Enquirer: 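Mind looking over this structure? Questions follow.
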Protein chains: 2
Amino acid sequence: MKPKLTLKKIAKELDVSISTVSKALRDSPEIGEETREKIKAFAKHYNYKPNNIALSLKNRKTKTIGIIIPEIVHHFFTTVISGVEKVANEMGYNVLVCLSDNSFDKEVLNMEMLANGSTDGFILSLAKETMQKEDYHHLLEAINQGMPLVLFDRVIDQIACDKVIIDDVTGAKKAVQYLVDLGCKNIALISTVDYVSVGKLRTKGYRETLEENNIPVNEDLILKIEEMEDSETEIKDFLKNKEIDGIFAVNEHFAISAIKSIQEQGKKVPEDVSVIGFTDGELSKRFIPSLTTVSQHGMRIGEESARLLIEKLERTPTEEDYYKTIIVETGLVVRNSTKSKK
Amino acid sequence: MKPKLTLKKIAKELDVSISTVSKALRDSPEIGEETREKIKAFAKHYNYKPNNIALSLKNRKTKTIGIIIPEIVHHFFTTVISGVEKVANEMGYNVLVCLSDNSFDKEVLNMEMLANGSTDGFILSLAKETMQKEDYHHLLEAINQGMPLVLFDRVIDQIACDKVIIDDVTGAKKAVQYLVDLGCKNIALISTVDYVSVGKLRTKGYRETLEENNIPVNEDLILKIEEMEDSETEIKDFLKNKEIDGIFAVNEHFAISAIKSIQEQGKKVPEDVSVIGFTDGELSKRFIPSLTTVSQHGMRIGEESARLLIEKLERTPTEEDYYKTIIVETGLVVRNSTKSKK
DNA sequence: TTTCAACACGAAAACGTTTTCGTCGCAGTG
DNA sequence: CACTGCGACGAAAACGTTTTCGTGTTGAAA
């Protein structure tokens with residue numbers, strides 16, 4: 001086990017000064033050709049790699065970006081990570097991934113851990129608990145310390161920073177309109193509680209579409225779920241004895257639970273009931289019947305977030321500060337959980 | 001935007017020396033009570049946090065561990081990450097996640113990125129391409145530089161380091177034996193190519209179990225899949241015109257593709273064919289019929305890996321080096337893709 | 001009054017870089 | 001010969017810590 005090679009060791013070995021070694025390796029014209037070649041040959045031969053920690057300290061930047069997500073089980077978030085990774089690595093950045101487990105405290109803790117030098121900036125999707133508490137002091141603090149912040153997916157208006165979102169309202173509208181066009185008259189909505197912005201916005205799209213089509217909104221057909229754990233039984237109860245021919249669910253899991261319940265009732269999907277989910281994950285593809293979903297392009301979201309963040313990181317400090325919000329459009333992926341259009 | 005508070009600034013502000021501030025904050029008895037309290041009050045009020053980079057440089061350790069995984073779409077890997085995160089955070093470590101995308105080059109690149117100071121040690125599951133090339137110089141190099149390494153899931157014997165694996169052979173045996181006990185006579189195996197150790201070992205379990213039950217192994221009933229992309233059609237072709245009543249697949253996806261194909265043939269699962277998969281992911285639970293699977297406890301694997309790594313990191317250098325291999329047992333989760341036992 | 005601990009604090013080195021600013025020797029010029 | 005200029009290199013500061021080793025000031029003991 002040989003300890004890592006440093007400039008100092010090279011310098012001693014070749015009997016020159018540290019500065020000379022540093023300059024030679026960076027191709028400074030100050031150094032004579034002979035010495036330069038000698039040093040470079042030596043460094044290459046012994047596989048010298050500069051120590052990133054020292055560089056970070058010197059440059060006051062780490063070339064890594066932190067991404068904090070509420071949960072990794074959602075396939076959506078994993079595709080976002082891939083997108084961030086892709087762009088970040090292209091630009092020479094590392095990516096540090098942390099999980100908040102939807103807990104406010106863990107989110108704060110994670111940010112504090114990363115803010116003390118580990119990271120140049122953040123990409124994050126807020127924990128459910130955070131949105132509930134509406135306590136954003138940790139975000140403000142980061143911004144205040146000059147750490148750029150990009151919010152994605154679960155964002156809030158109150159914070160001034162770059163944001164990458166999908167158009168939830170329009171996405172929901174596409175889905176519900178599709179159901180209406182299919183001839184559905186009684187369309188149920190299975191959503192999350194309103195403090196998750198996603199739930200609120202998709203609900204909005206649902207309502208607006210119905211109104212636009214002169215279909216009265218029946219509050220009995222709207223279910224708001226608080227706890228993921230109980231969702232399956234809640235949905236089952238909700239669908240009991242209801243006359244519906246269409247369901248719009250705000251995520252895969254709800255959609256699938258709904259289909260199961262429908263089938264247990266002896267009805268068929270899509271013949272009797274058409275179901276559309278949100279978020280195009282592995283489940284949607286593989287489930288039988290495969291799910292018609294609103295697809296949000298996680299990869300794109302990750303890429304855009306990373307680009308936004310790195311842009312902020314690399315701009316000269318004099319440049320004007322202004323914040324962008326990028327909207328990544330959604331698509332409707334039609335599969336087998338909806339009737340085919342005639 | 002206020003720049004971060006440092007010891008130096010506190011020192012200047014309070015008109016003491018840097019050393020005094022440092023000592024006061026670390027409760028050194030060298031410092032008089034009055035000064036100590038004054039400094040601590042000031043630091044707390046202005047929310048001083050030591051700079052991790054500087055600490056890393058000084059201590060020559062970063063308190064972060066890097067985890068490199070081949071792909072994140074496998075739900076299994078995400079649970080491993082959670083396990084690592086959990087233990088790591090408990091012990092005051094950060095976790096840096098990188099994806100190799102199953103590419104040898106990306107794996108090497110990632111390791112090089114992390115090895116230069118970003119990380120104290122590695123937890124990794126080898127890329128498919130790496131196992132194919134059998135080129136492990138990057139692993140050896142890391143070990144050589146004194147960076148502990150823990151391999152999990154996809155491991156190789158040639159490298160001397162800590163390992164966390166599941167007992168693939170036994171896991172496969174459990175599954176196949178279960179099928180045999182169900183009365184299946186013609187059990188097919190859908191596996192990956194042999195250089196993925198997982199594929200090889202599970203195949204071994206399959207063969208052994210059949211032999212133990214005096215069932216001849218029929219090579220025509222064994223499918224080895226190279227490319228995930230083509231798996232669906234390959235499986236469909238494979239299952240055509242075959243008299244089988246049981247299938248053991250080495251992962252969820254293969255199992256589900258198999259079920260789909262079976263159903264398209266007009267046969268029923270589990271009435272006509274019982275199917276067992278490997279890896280208990282979201283898909284297995286949600287699919288209809290829900291999948292009977294061999295469950296490998298990713299969370300446990302992650303936890304054990306992290307524990308192993310941190311143990312190595314924190315042992316005093318004089319202690320004897322020796323390597324452990326931890327085997328995390330598998331379970332059989334019985335669901336609806338297999339006939340019920342009579 | 002001198003001497004010596006004990007106390008409270010500061011100076012400086014070290015971690016591994018980069019970069020600014022010397023400095024030294026030598027060649028060329030007048 | 002005296003100056004200038006330049007090529008080639010080194011010293012040192014800086015990034016933010018921790019820690020070792022002073023050092024100056026007390027108060028008390030001799």
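Since this is a predicted model, take the numbers as computed values, not measurements. Every chain is numbered from 1 and lettered A, B, ... according to where its sequence line falls, protein lines coming before strand lines. Only heavy atoms go into these numbers, but all of them, side chains included; no hydrogens, no water, no symmetry mates.
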Enquirer: Tell me whether B:Arg307 is salt-bridged to B:Glu303, with the criterion being a basic N under 4.0 Å from an acidic carboxylate O.
Expert: yes

Enquirer: Looking at B:Lys128, B:Gln132, B:Glu129, which hits side-chain contact (heavy atoms from CB on, under 4.5 Å) with B:Phe104?
Expert: B:Glu129

Enquirer: Out of curiosity, A:Ile65 CD1 to A:Ile310 CD1, how far, rounded to the nearest 0.5 Å?
Expert: 5.0 Å

Enquirer: Keeping to residues at least two apart or across chains, list the side-chain hydrogen bond (donor to acceptor under 3.5 Å, both in side chains) pairs with something in residues 90-101 of chain B.
Expert: B:Tyr93-B:Glu314, B:Asp101-B:Lys106

Enquirer: Got a sec? Which of residues 38-50 of chain B come in under 4.0 Å of DNA chain C, heavy atoms?
Expert: none

Enquirer: Which residues pass the side-chain contact (heavy atoms from CB on, under 4.5 Å) test with B:Lys12, sequence neighbours left out?
Expert: none

Enquirer: Residues of residues 53-65 of chain A with any non-hydrogen atom less than 4.0 angstrom from an atom of DNA chain C: list those, numerically ordered, please.
Expert: A:Ala54, A:Leu55, A:Lys58

Enquirer: Any pair with a residue in residues 141-152 of chain A that passes side-chain hydrogen bond (donor to acceptor under 3.5 Å, both in side chains), sequence neighbours left out, goes on the list, sorted by first then second residue, please.
Expert: A:Glu141-B:Asn47

Enquirer: Can I get a per-line list of side-chain donor-acceptor pairs under 3.5 Å for residues 149-160 of chain B, giving both atom names and the distance, sequence neighbours left out?
Expert:
unit_1   : atom_1 : unit_2   : atom_2 : d
B:Arg154 : NH1    : B:Asn102 : OD1    : 3.0
B:Arg154 : NH1    : B:Leu126 : O      : 2.9

Enquirer: Which pairs, with at least one residue in residues 57-68 of chain A and sequence neighbours excluded, count as a side-chain hydrogen bond (donor to acceptor under 3.5 Å, both in side chains)?
Expert: A:Thr62-A:Asp120

Enquirer: Does B:Lys8 make a cation-pi contact with B:Tyr48 (under 6.0 Å, within 45 degrees of the axis)?
Expert: no

Enquirer: Students should find this one: the first and last nucleotides of DNA chain D, 5' to 3', lying under 4.0 Å from a heavy atom of chain A. What are they?
Expert: D:dA8 to D:dG16

Enquirer: Less than 6.0 angstrom from the centroid, inside 45 degrees of the normal: does A:Lys312 satisfy that with respect to the ring of A:Tyr322?
Expert: yes

Enquirer: Does atom OH of A:Tyr323 have more than 12 heavy-atom neighbours from other groups under 6.0 Å away?
Expert: yes

Enquirer: With ring pair (Phe, Tyr, Trp, His ring centres under 6.0 Å) as the rule and sequence neighbours excluded, what pairs involving residues 9-38 of chain B come up?
Expert: none

Enquirer: Would you compute the distance between atom CD of B:Glu107 and atom CG of B:Leu109 and round it to the nearest 0.5 angstrom?
Expert: 11.0 Å

Enquirer: Is there a residue in residues 16-29 of chain A whose heavy atoms reach under 4.0 Å of DNA chain D, and which residues are they?
Expert: A:Val16, A:Ser17, A:Ser19, A:Thr20, A:Lys23

Enquirer: Would you list the pairs meeting salt bridge (Lys or Arg N to Asp or Glu O under 4.0 Å) in which at least one residue belongs to residues 15-25 of chain A, sequence neighbours left out?
Expert: A:Lys23-A:Glu30

Enquirer: Look up atom CG in A:Leu124 and atom CG in A:Leu309, then write down how far apart they are to the nearest 0.5 Å.
Expert: 10.5 Å

Enquirer: Return the angle between end axes of the helix from C:dT1-D:dA30 to C:dG30-D:dC1, with five pairs used per end and rounding to 10°.
Expert: 90°

